[in-house]
Colleague: 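This structure is in structure tokens; I'll ask about it shortly.
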Amino acid sequence: MNKKKIFNDPVYGFVTIPTEFLFDLIEHRYFQRLRRIQQLGLTGFVYPGALHTRFHHALGAMHLMSLALRTLKDKGVKISAAEGEAAMAAILLHDVGHGPLSHALETAIFQDVPHEQLSLFLMQRLNAEFHGKLSLAISMFDGTYGRPFFHQLVSSQLDMDRLDYLNRDSFYTGVEEGRPGADRLIKMLRVHDERLVLEEKAVYSVENFLVSRRLMYWQVYLHKTVTSAEQMVIRVVQRARDLARRGVEVPANTCLGYFLGRAVSLAEFEKDEKILSHFVELDDYDIWSAIKSWASHPDVVLSYLAKSILHRNLLKIVLAPEPFDEEFRLGIRELIEEKFKLSPEEAELLMIPGRLSNSAYNPSGEPIEILTKKGDVVNVMEASDLPNIRALSQRVEKFYICYPKEIV
């Protein structure tokens, strides 16, 4: 069987799967599951075209990794065939542990179980299945490989993951200003002392990338209507979970019902193989099917949230630069109690306060580094003669509160 396939990607054009092993990983059921998980969760409620999947994104990130490796090799960096394949496998599988509806349910179903850790668990499982062929990819993924630039290509402030999701998400949402200029940034990559750096002439391209990232966060990922929709999905799953753990019958299929019925921690994922087996069956369809069932549930809070999500009757969301005072929140809760004939505790569930925050560049994290013409390596904040990057490193916070429109 010919496993060196070519697929047509709407963002990059024709993309090649370069090795048979990478094809086998793509064909595996763990990876195929990503076809059933939308990249942007509930963002399609605002941007109707944003219906692409984690499967799309992972293939795109693998393609950008292949371009980055080719650039580095052309500049004299010694990269073996095994290292190249491992780097592409690592970026291909970086999201394999994502739960349903993107990030929306990481806290609603599990207890402090980040998707990165689940990706690592699944990579270790695949490694056993493929007789150790993923060992090098895993060491690149977790940062233990002796050549740090490979890990930086997979996970850093300027990695192939970010370059693809900004490119892809701006394409599918139609937010053209979010395009990060990935091609030029990749062409400017260098390796210095086994660390990833950019040539000095890339400084303005980095600024463009960071501006694109800031814009995409506020205009797409943290859009106030998207925030309302995602918070409603989190709250409806939390309500179903709390009812199920109190012994109330809540319709759900076997896999979703397993997680609704018990608290599962990271330690339990490590100990019990059965938990991971249930997890890899979960996808967006399970959540949507359950929400449709919950719309007719006798619990007022559960059915109201489920019906509202299905009909896109989203909670009103109000933004403010400071946290909302207690008196304002109390007033909203009392209006909800009166309108829906709920107890104070139940009314609280239909009022969702929270905080949005974002900084396009984290100055305390692993820096984006520039190799100057003199041979010095400096933080991009020092290399730029414009104030943009320092401004983009400032964390911006907004506070919000969501509540039913019916009380207004």
Side-chain angles (χ1 to χ4, degrees), residues 1-7 9 11-28 30-31 34 55-96 116 119-120 122-124 126-127 129-165 167-168 182-199 202 366 369 371:
M1 179 183 178
N2 174 23
K3 296 183 179 182
K4 292 190 178 180
K5 302 289 185 183
I6 294 173
F7 61 91
D9 183 84
V11 179
Y12 306 119
F14 289 108
V15 171
T16 303
I17 300 171
T19 73
E20 293 192 358
F21 177 52
L22 291 170
F23 176 82
D24 290 338
L25 290 175
I26 291 167
E27 288 287 280
H28 196 279
Y30 291 173
F31 191 80
L34 298 181
F55 184 87
H56 288 131
H57 163 56
L59 291 176
M62 181 194 74
H63 171 65
L64 293 186
M65 178 66 82
S66 72
L67 298 182
L69 295 174
R70 192 180 311 150
T71 293
L72 294 176
K73 282 194 226 179
D74 288 346
K75 293 179 180 179
V77 181
K78 300 296 183 188
I79 297 173
S80 69
E83 286 175 321
E85 183 179 67
M88 282 190 278
I91 196 69
L92 187 70
L93 298 174
H94 77 282
D95 271 350
V96 76
E116 294 90 350
S119 293
L120 182 58
L122 290 173
M123 287 172 74
Q124 289 165 343
L126 285 166
N127 196 33
E129 199 172 315
F130 284 100
H131 311 294
K133 288 180 74 174
L134 274 172
S135 297
L136 183 54
I138 289 170
S139 67
M140 290 176 178
F141 180 80
D142 66 15
T144 56
Y145 187 53
R147 306 185 75 187
F149 75 88
F150 283 111
H151 176 70
Q152 290 176 288
L153 287 168
V154 175
S155 180
S156 66
Q157 295 205 69
L158 184 61
D159 54 31
M160 299 307 105
D161 172 29
R162 292 185 190 203
L163 285 180
D164 181 77
Y165 76 61
N167 242 348
R168 191 166 300 277
D183 290 347
R184 178 168 170 78
L185 284 167
I186 288 172
K187 291 292 184 190
M188 297 295 106
L189 290 175
R190 295 278 293 271
V191 169
H192 181 80
D193 291 338
E194 297 297 331
R195 294 193 59 78
L196 199 66
V197 295
L198 288 145
E199 295 172 12
E366 185 177 50
E369 293 182 314
L371 180 66

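Keep in mind that what you see is a predicted model, and the values were worked out from it rather than measured. Heads up: numbering here begins at 1 and tracks the sequence.
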Colleague: Could you walk me through whether Lys5 and Glu27 pass salt bridge (charged side-chain N to carboxylate O under 4.0 Å, His left out), step by step?
Modeller: CA-CA 12 Å; Lys5 302 289 185 183; Glu27 288 287 280; over 6 Å; no

Colleague: Considering all heavy atoms of both residues, which atom of Ala137 and which atom of Ala86 are nearest to each other, and what is their separation?
Modeller: CB-O, 3.4 Å

Colleague: Would you mind reporting whether Leu134 and Leu25 have side-chain heavy atoms less than 4.5 Å apart?
Modeller: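 Touching, per the 4.5 Å side-chain cut-off.
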
Colleague: Any side-chain heavy-atom pair from Leu93 and Phe141 closer than 4.5 angstrom?
Modeller: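 No, their side chains stay 4.5 Å or more apart.
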
Colleague: At their closest point, which heavy atom of Pro18 faces which heavy atom of Met62, and how far apart are they?
Modeller: CD-CE, 4.4 Å

Colleague: Heavy-atom distance under 4.5 Å between the side chains of Leu64 and Leu163, does that happen here?
Modeller: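 Yes; the side chains approach each other to less than 4.5 Å.
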
Colleague: Test your reading of the model: is there a side-chain donor-acceptor pair from Lys187 to the backbone of Ala68, 3.5 Å cut-off?
Modeller: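 The answer is no, because no donor-acceptor pair under 3.5 Å joins these two groups.
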
Colleague: Hey, what do you get for OG (Ser66) to CD1 (Ile17), rounding to the nearest 0.5 Å?
Modeller: 11.5 Å

Colleague: Please step through ring-ring contact (aromatic ring centres under 6.0 Å, His included) for the pair Phe130 and Phe21, ending with a clear verdict.
Modeller: CA-CA 9 Å; Phe130 284 100; Phe21 177 52; 5.4 Å; yes

Colleague: Would you name the heavy atoms of Val154 and Ala87 that are closest together and state the gap between them?
Modeller: CG2-O, 4.4 Å

Colleague: When you look at Phe31 and Leu59, which way does the side chain to side chain contact (heavy atoms under 4.5 Å, CB included) test go after all the steps?
Modeller: CA-CA 10 Å; Phe31 191 80; Leu59 291 176; 4.3 Å; yes

Colleague: Indicate yes or no: at least one non-hydrogen side-chain atom of Ser156 is less than 4.5 angstrom from one of His151.
Modeller: no

Colleague: Side chain of Glu194, backbone of Pro148: donor and acceptor closer than 3.5 Å?
Modeller: no

Colleague: Between Glu129 and His28, is there a side-chain donor-acceptor contact under 3.5 Å, judged purely by atom types and distance?
Modeller: yes

Colleague: How far does CG of Leu158 sit from CG of Leu198, to the nearest 0.5 angstrom?
Modeller: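 Result: 5.5 Å between the selected atoms.
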
Colleague: Run the salt bridge (charged side-chain N to carboxylate O under 4.0 Å, His left out) test on Lys75 and Glu199 for me, step by step, so that the C-alpha distance in whole Å, both residues' side-chain angles and the decisive distance to 0.1 Å come before the verdict.
Modeller: CA-CA 12 Å; Lys75 293 179 180 179; Glu199 295 172 12; 2.7 Å; yes

Colleague: When rounded to the nearest 0.5 angstrom, what distance separates CG in Leu126 from OG in Ser119?
Modeller: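 Between Leu126 CG and Ser119 OG, I get 10.5 Å after rounding to 0.5 Å.
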
Colleague: Between Glu85 and Ala82 (side chain of the first, backbone of the second, donor and acceptor by atom type, cut-off under 3.5 Å), is there such a pair?
Modeller: no

Colleague: Do Leu69 and Met88 come within less than 4.5 Å of each other through their side chains, counting heavy atoms only?
Modeller: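 A side-chain contact exists here, since the closest heavy-atom pair is under 4.5 Å.
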
Colleague: Would you say Ser135 and Asn127 are linked by a side-chain donor-acceptor pair, where the criterion is simply a distance under 3.5 Å?
Modeller: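 Asn127 vs Ser135: donor-acceptor pair found between side chains.
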
Colleague: Between Met65 and Leu92, is the side chain to side chain contact (heavy atoms under 4.5 Å, CB included) condition met? List the steps.
Modeller: CA-CA 9 Å; Met65 178 66 82; Leu92 187 70; over 6 Å; no

Colleague: Is Lys4 atom NZ crowded by more than 12 heavy atoms from other residues, nucleotides or ligands, each under 6.0 Å away?
Modeller: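 No.
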
Colleague: Working to the nearest 0.5 Å, report the span between CZ of Phe149 and CD1 of Ile79.
Modeller: 4.5 Å

Colleague: Within a strict 4.5 Å, meaning less than it, do heavy atoms of the Asp159 and Leu153 side chains meet?
Modeller: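 In short, these two side chains do not touch, never coming nearer than 4.5 Å.
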
Colleague: Between Thr19 and Lys3, is any pair of side-chain heavy atoms under 4.5 Å apart?
Modeller: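 Contact flag for Thr19/Lys3 side chains = no.
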
Colleague: Locate the shortest heavy-atom distance separating Val96 from Tyr30; write the atom from each residue and the value.
Modeller: CG2-O, 3.7 Å

Colleague: Kindly check if the number of other-residue, nucleotide or ligand heavy atoms within 6.0 Å of CZ (Arg162) is above 12?
Modeller: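 It does: Arg162 CZ has more than 12 such atoms within range.
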
Colleague: Please round to the nearest 0.5 Å and tell me the distance separating atom CZ of Arg190 and atom CG of Leu196.
Modeller: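 Going from the CZ atom of Arg190 to the CG atom of Leu196 covers 11.5 Å.
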
Colleague: Would you check if Leu72 and Leu189 make a side-chain contact, meaning some heavy-atom pair closer than 4.5 Å?
Modeller: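 Leu72 vs Leu189: side chains touch.
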
Colleague: After noting the C-alpha distance and the side-chain angles of Arg195 and Glu369, does the key distance pass the salt bridge (charged side-chain N to carboxylate O under 4.0 Å, His left out) rule?
Modeller: CA-CA 9 Å; Arg195 294 193 59 78; Glu369 293 182 314; 3.8 Å; yes

Colleague: Got a second to check how far Lys133's NZ is from Ile138's CD1, nearest 0.5 Å?
Modeller: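 It comes to 13.5 Å.
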
Colleague: Can you list every pair that meets ring pair (Phe, Tyr, Trp, His ring centres under 6.0 Å) and has a residue in residues 57-84, with sequence neighbours left out?
Modeller: Tyr12-His63, His57-His94

